[in-house]
Every structure is written in structure tokens, then in C-alpha cells.
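Beneath this line is the structure, given in C-alpha cells, with notes to follow.
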Amino acid sequence: MILQQIKVLRDVLREQEARPSTLIWAVFLTILLTALESVGLGMLLPLLTFVEKGPAALSEVTGPISLVADFINWLGMPLTFATLMLLTVTPLVLRQIVVGVRYVIVTSLTHVGTRALRRRAIAAGLQADLPFFIERKHGDFSNAMMMEPQNAGGISYVGTSILMHVMVSGAYFAMMFYVSWELTLLMIPVAASVGAIVRRYGRMGREWAIKIKADSEELFREASEYVRGIRLIKMRAYEDGALHQIDKTSASLLDSRLGFDKTKAVVDSVGPLILSLGIFFLLYIAVSEMEMRLSELGFFMFVAMRLQQVLTQLNQDRLTFVRQFVSVEYVRNFVADATAQKTIFGGNREFLLNRELRFDDVSFHYPGNRRNAPVLDHLSFSVQAGQMVAIVGRSGVGKSTTADLILRQYDAQEGKILVDEIPIESFDLSSLRRKIGVVSQDTFLFHETVLHNLVFGLDPVPTEEELWSALRQAHADAFVRALPDGLDTILGEGGVDLSGGQRQRLSLARALVQKPQMLLLDEPTSALDSESEAAIQDSLSHLHGQLTILVIAHRLATISTADRIYVMESGKVVADGDHDTLLGTNATYQALFKAQTV
């Protein structure tokens, strides 16, 4: 597990959008901090020796202490208490300066790391195919793109903090070993027992961290869905029920957080307790069984107490790292899943529809649904350039799936879709989708201005004259002019300030302003009143002949003037012709017409 965490930390640092020099400086300052800590603390031993036995003792002993006297002589400074104090305080002062500089650099890594993780998650999500979004809950995306990167971003800071504490601990053990190797060896079992506790409760902390992530994700999903479904909640008078469900999930999250905090409390309390008892045990051994100078004993105990603080912080960092590691894994798994589900790629041809769009014996079933009957079953039909063609049928016969295949949200498993006898896969995906204007039954509008909603994603941005021309063609110009700020009016979330008909006409204008070669309308009037439907029909009649129009509908009034109408049943075309012909020859079409004219 530790090796896996180290590998993930290495990969995360590699993936961060920080300059390599920043990473190098962070590691260098961590090492420098350890060195200054060691030197400053190590100078206490010669300082205490000087106080206990005088300056001659520094020259008489062997090892690092005698080197201090040699260093002072080399500097040409007197061997006095003030000189030793200066050499002790100087590295500690420098250490605090390095602490500040290192904090700025390492926290910048944290912020950059958060941004990098978030950007990777968003980029992978945006590039994934449509099934990736359909198969997941809405909260998964917000969680993976916003919350978890924020939680995981600090892993570089904690990782370097762990590195520093490990190195400082090693330096402290070396100092203690120099003073008394016997006491140091006795200290090792104490430290090992604390390590065993940390490992055990670290695993528990990881389990709690996973549960915290799952509960947070569920709470975020519920809150998001309740906000989007607030109208339904109020219509059903379900406010208390929604609050009860939120409370239930919140209580589970609370239990998870308390479980993690209790685990952390055990590590924070039991670990230092064992270390403290071990230190006092060593003090007892040193006083009763060993002959140590007072300066050595005082230095050893001081370093041991400092070691206790460092090991306590190290244990806390490890638990924090475990929790952040869970968030990192979540984001990386999300990115991997999204990347794996990018299976639709385009060619390099510019999309052009000059003669015909044709489905040739196309069959399709949704991923993971192979055992059931195919949604499209050897479907064949054609749309001539410049014509208005309609596909009608009862719900569930595959009409909208046909539209998704034209836009290449999915690819057919059998058969071909040809544009001027060229396989649709040969066209550049961006070109294809930008040359097909889409109006669906579920109109999405940003909480932004009318202008922003019209020009979103277009480059170059259309002129104001082109915008008003599209609005006139969609019969949307009158109500847009009547808005308080015209094109600069900010629409509510999802266009809540507009009627259904106004939203649909604005959606049609948005499709027209991109100057498409083909207009694809998927149930454009299914939820509109008769006045709004008449406006859409009038727009289509004026566009008829100017560009290729494919209308998917079950309301026949919208498509009565179509050049060709295909009737679908069970994923295939069962009849085709114009409105009058089908009304006289096809039972399904007759039934649809009768149901809408009663």
C-alpha cells in the first residue's frame, strides 16, 4: 500500500502543471530545512558541554564536538559561550526563514495541483462519449470535477511534509545514537510499536475516508437533484420528505467523519503517550543504570522529546495523506473511465451535404443491452439535400436514436450511414456537428444573456445583423426586443423566465445562427401550445428549400408539408410517402393522425 501511495504521489506531482524548478526547489528547501534543524539542534550538545565542563572540554573530546572547536578556531573567533550561542541560534533563525519560503512554494504546488487535477477531470469528462454521462449520476461529475480535486490538491504539500519529518526523524535518531547507542536501540521498539498502531489505524482511516467520499458524493447528488426538481417537490408537497432524506444522508456523513476523527484521535493520543512513556523509561535507565554526563543526558532527552513531536506530526500527516489519497484515486479513476469511453473519433473531411444522407441497413443497440431487441433493426432511408423529411412513429421506436447516430453521439454496430456516398465516420467530428443545427424537445439555456446563449461555442462570433436575422427566421425577434435589455437580458436558470414556446424559438434561432447545412429537429413541438407550435411550423415552412431539414416528430401537424415522411415501427421503416399518401395507405400513420385530431 505504501509503495502504491508513493507511486501515485509521484504520478500526481508529474501531472501537475508546475514548472520542474518549483518541484526541485520544494525538495531542496525540505532537505535544507532538515539540515538547519539538525545543525541548530546538534549545536546544543557542545553548548551544554561548554556550560558543564568549560571550553577545554570541547578540545579534549573526539568526534563532532571537537569539530565545533576546530570550526570556531578556523573562523578566528574566540571559543566562548556567546560564540556557541551564535552558532546555535543562527541555523535556527535561518530555518524559520526557510520555513516561510518553503511554505509559499509548497502551497503553490497545492493550488496548482488542485487546478491540474480539476482540469484533467473536466477535460476527460468533456471528451468522453455520451454513454459515459448517461450511465452515471449527475452528482458524480460535480464531485469528480469540483469537490474531490479540492480535497486531493494538498497531497503534494502533505507528501513533502512527510518527507521532511522522515528526514528530521532520521537526523534525530542519528544524534541520539551518537550520544548513546544503547538508549537509542531501546528507543527503536517504542517507535516500532507506535508505527504498528499507525499502520493499523491508518487502514481504518482509509476505510472511513472511502465512506466519507461516498457519503459526500451522495449528499451532493441529492442536494443537486432536489434543487433541479424543486417544482416537483413543491407540487407533491414533499419538502419535509426531501429534508428527511437529506438529514439521513447527512447523518451517515456525520458518522463517517466522526469515525475518521476517532481514528485520528487514537493515533494522536496513544502514539504520543507511548513515546512519552518510552522517553521516561529511557530517562530511568540512563539515571539508574548508565553513567552519562549531565550535558549528554539533557541533550538526549531534549532530542527525544523533539522526536516525539515530529513523529506525532508524521502520524497525523500519514492519516491526512490517506484521506487525500482516496480523493486522488477517485479523480484518477474518473479520468481513466472517461478516457476509456472516448471511442468515437472523426476523420479529416470537412462535412458537406450536397446530394443525400442515407441510412443503409443500420442496426443499433445501446451498450450493455445486447440481449434485448435492437433499438434500430436494419433501418434504411434517405434524406435528399434541400428537402424537408420527417420520421414519425410511436414513442420508443428509435426516432431519437436515429438523430443521435446522425450526430455521432453513438456509432451503429451494423450497416452504414453515408453522406454523398461517403461514410459518416470519415468526416471531422467538429465539422459535422457544427454543420448540423439541432433543436431538441429539451431546450437547454445558460443562466446568461440571450446573446451568450445564441453565440455560445461559435467562432467567429456572428454579427448583430446575423443574430437578428436568425431570430426573425425563428419568430423570436419580437419577444427578444420586448425583453428589458434585449440581447443583453440575463435569462434565469434553464431559461425559467421564458415560456416553453419562447425557449424553443430561441433554440431554433441558436441553431440557425450557426449557418447549418442541415437542420435536425427532435420533437420540437412536443410540449408546446398551439400558438407556439404554429410559429415553429411557419418558421419551417419559410426554411423549406433553403437547407436540408430532418424532423423527428409524433405530432403530425408539424410535418404535414414534408416532402417525404418515414413511418417507423420496432426500429425500422414500415412505410414512406407524403402526408396525404400515408394518410390513405398506412394504418400506423392513420392511428397517429386520428389520435391527434380527436
* Asked: Picking from Leu33, Val39, Thr90, Thr34, what satisfies side-chain contact (heavy atoms from CB on, under 4.5 Å) with Arg95?
  -> Leu33
* Point-to-point distance, once rounded to the nearest 0.5 Å, from CG of Leu32 to CH2 of Trp25 -> 9.0 Å
* **Approximate separation, where rounding is to 0.5 Å, of Thr449 OG1 and Asp485 CG** => 10.0 Å
* Above 12 or not: heavy atoms from other molecules or residues under 6.0 Å from CG of Asp240? -> no
* May I ask you to say whether Asp261 pairs ionically with Arg257, meaning some side-chain N is under 4.0 Å from a carboxylate O? => no
* Without hydrogens or angle criteria, can the side chains of Ser161 and Asp317 be said to hold a donor-acceptor pair below 3.5 Å? -> yes
* Do Thr249 and Glu218 meet the criterion of a side-chain donor-acceptor pair at a distance under 3.5 Å? -> no
* Asked: Just wondering, more than 12 heavy atoms not from Glu464 lying within 6.0 Å of its CD?
  -> no
* Step through it carefully: locate the ring centre of Phe334, locate the ring centre of Phe132, and say whether they are under 6.0 Å apart. => yes
* Say you draw a straight line from CD of Glu350 to CZ of Arg434; how long is it, rounded to the nearest 0.5 Å? -> 9.5 Å
* Pair Gln150-Thr114, side-chain donor/acceptor within less than 3.5 Å -> no
* **Side-chain donor-acceptor pair present, Thr110, Thr107, cut-off under 3.5 Å** => no
* Take Met167 and Ser38, measure what side-chain contact (heavy atoms from CB on, under 4.5 Å) needs, and give me the verdict at the end. => CA-CA 10 Å; Met167 291 192 297; Ser38 304; over 6 Å; no
* First locate atom CG of Leu307, then atom CE of Met187, and finally report the distance between them rounded to the nearest 0.5 Å. => 5.0 Å
* So, do Leu451 and Val455 sit near enough that their side-chain heavy atoms are less than 4.5 Å apart? -> yes
* Inter-residue atom distance Thr339.OG1 - Arg120.CZ, 0.5 Å rounding -> 7.5 Å
* Between Arg306 and Glu37, does at least one N-O distance fall below 4.0 Å, as a salt bridge requires? -> yes
